[in-house]
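Below is one structure, written out as C-alpha cells; comments come after it.
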Number of protein chains: 2
Amino acid sequence: MSRVGLTADRLARAGAELADEIGFDNVTPSELARRFGVKVASLYSHVRSAHDLRVRVALLALDELADLVAAGLAGRSGRDALEALGDVYRDYARSHPGRYAATRLPLDHETAARSAGPRHAAMTRAVLRAYHLSEPDETHAVRLLGSTFHGFIALELAGGFSHSSPGARESWARILDVLDFSLTHWPPTPGNTP
Amino acid sequence: MSRVGLTADRLARAGAELADEIGFDNVTPSELARRFGVKVASLYSHVRSAHDLRVRVALLALDELADLVAAGLAGRSGRDALEALGDVYRDYARSHPGRYAATRLPLDHETAARSAGPRHAAMTRAVLRAYHLSEPDETHAVRLLGSTFHGFIALELAGGFSHSSPGARESWARILDVLDFSLTHWPPTPGNTP
DNA sequence: CCGCGTTGCCTAAAGCTCTTAGGCAAACGC
DNA sequence: GCGTTTGCCTAAGAGCTTTAGGCAACGCGG
C-alpha cells in the first residue's frame, strides 16, 4: 500500500471542503477517511479526535475569513468600509456555508486567543473608528454589528428568507443603511423624557 | 414489568428538559430512554426517528415561546412593546438554552407552516405597526429585528460576551435603544448624495 | 369476575459511529 | 544497502440509530 501523505493540515483543508459540501456537522473522521481512501483509524495519528478535527477546520476558516476581511477593507473607510465588512461576511457565508458554520464553533479560551478571532474584533473596531463613538459605546457598536451580521446570515442560510419577497439582498442593503444611520446618529442613553 | 406510560408528547416534553440540561444536540433516543428507565427500541413506537423527536421538541419550544411573547406584549405598544419582545426572546434563551436552540432547527415547509413560526412573525409585525413603516420597509424591519435579536442571543449563549466589560446586559439595552431609534427615524433609501 | 384483544415495552440483531492498541512495511537518513 | 522512523493497517470495544418480532400487562365486553 502506498502512503497517501496525510497531515493535520491536509485533513483540516479537506475537512473545510467537506463542510461546504455536506455541512460542518457532518465533518467526521469517517467521512474524511472515505475521501482519502484510507481507514478511519489512520487519521488518529494526525488528529486527536473528531472534535480536534473540527477545531482545526474552525481555525482555518477564521483565518481565511480574516484575510478576506482585511482585503475587503483595504483603502475603505466610513460607510464604504461598513458595507465591505458586512458583504465579506455574507458572501463568505453564502459561498462557503460549512466553513462559515465552522467559525461559530465555540473554542476554549486558549484556542480562541490563538485564533484569528481577535483580528476580526480589531478590524470591526477599525471600521467603527470613523464613526467617532466614545468608549463604552464603541464596544456596544461592535456587538451590534456582530449580532446583526451573524443573525442575518444565520436566518438567510437557514432558508428563512427564501421564497418570500422582497429578496434577502434588498433587506441586506436596507439593514446596512440602517446600521450606517445608527452609527452616524448614535442615540444618547435615554434619560427622563420631558 | 410495569408500563411507564410513554407518549409522543411526554417524550417531547422530557426532550425539552433534557435539551436545557445537556444541549439540544444531545437530545437523543438513547439518552431519553435512560431517563425513562426504558429500552431504546421502545421509543420507536411513539416517535419515528431521532429527527422526529427533535422536531417535536422544536414545535413545543416554538409554541411555548410564542405564548410567552403574546403574554409579554399584552397591553404594550411602541418602544415598550419592542423591549418586551426582545426581552422575552433573550430571557427565554438564557433560562432555556436547549429549548431556544430547538427553535432554530430547520423545519420542512409543511411542518414550519403548522408550527408557531407564523405566530411569531405576526407578533413582530404587530410590534412594528406602531412605527408606521410602509410596506417593503416593514418587511425589512421584521428581518432587522429577527437578525439582531437572534444574533445577539447566539453570541451571548456562545459565551462571546463573558468576562468582558461592559456586561451583555448593558449592550442589550443600548441595542434596544438603537433599534427603537432606527425604527422611529427609519432612513430613506439613499439616493445620490450631492 | 373473567377472558380477549390491543398495545406497550421487551429481546435480538444489523449497521453505523468514534476511539485505542499493536503490527507491518514503506520511506528516509546515513 | 541498512536501520530507524513513522504512516497506514488490522483488530477490537463501546455507543448510537433503527427494524423485526415476541410476551405480557392493561382495559373492555360479557
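Lettering follows sequence order; numbering is per chain, from 1.
As rounded to whole Å, 15 Å separates atom C1' of dT20(C) from atom CZ of Arg48(A). As a whole-Å value, the separation of Leu11(A) CG from dG7(D) C1' is 12 Å. What separates CG of Leu53(B) from P of dT18(D) is a distance of 10 Å, to the nearest Å. Remark: P of dC26(D) and CG of Leu6(B) are 14 Å apart, rounded to the nearest angstrom. Rounded to whole angstrom, the span from the CZ atom of Phe36(B) across to the C1' atom of dG8(C) amounts to 14 Å. The nearest whole Å value for the distance from the CG atom in Asp52(A) to the C1' atom in dT20(C) is 16 Å. Going from atom CG of Asp25(A) over to atom P of dC16(D) covers 18 Å, rounded to whole Å.
At the phosphate of dT6(D), neither OP1 nor OP2 sits under 4.0 Å from any side-chain N or O atom of His46(A).
The number of heavy atoms from other shown groups lying within 6.0 Å of CZ (Arg125(B)) is above 12.
Listed by residue number, the members of residues 37-45 of chain A with any heavy atom below 4.0 angstrom from DNA chain C are Val40(A), Ala41(A), Tyr44(A).
Note that CG of Leu157(A) and OH of Tyr100(A) are 7.5 Å apart. Values are rounded to the nearest 0.5 Å.
A heavy-atom distance below 4.5 Å is not found between the side chains of Pro29(B) and Val47(B).
Figure legend: Arg143(A) and Phe161(B) shown as a cation-pi pair, the cationic atom lying under 6.0 angstrom from the six-membered ring centre and within 45 degrees of its axis.
Following chains of ILVMFWY side-chain contacts shorter than 4.5 Å, one can reach Leu155(A) starting from Leu128(B), so the two form part of one hydrophobic cluster.
No close placement of the Trp186(B) and Phe181(B) rings is indicated, their centers lying 6.0 Å or farther apart.
Within 4.0 Å (heavy atoms only), Arg10(B) reaches no atom of the nucleic acid at all.
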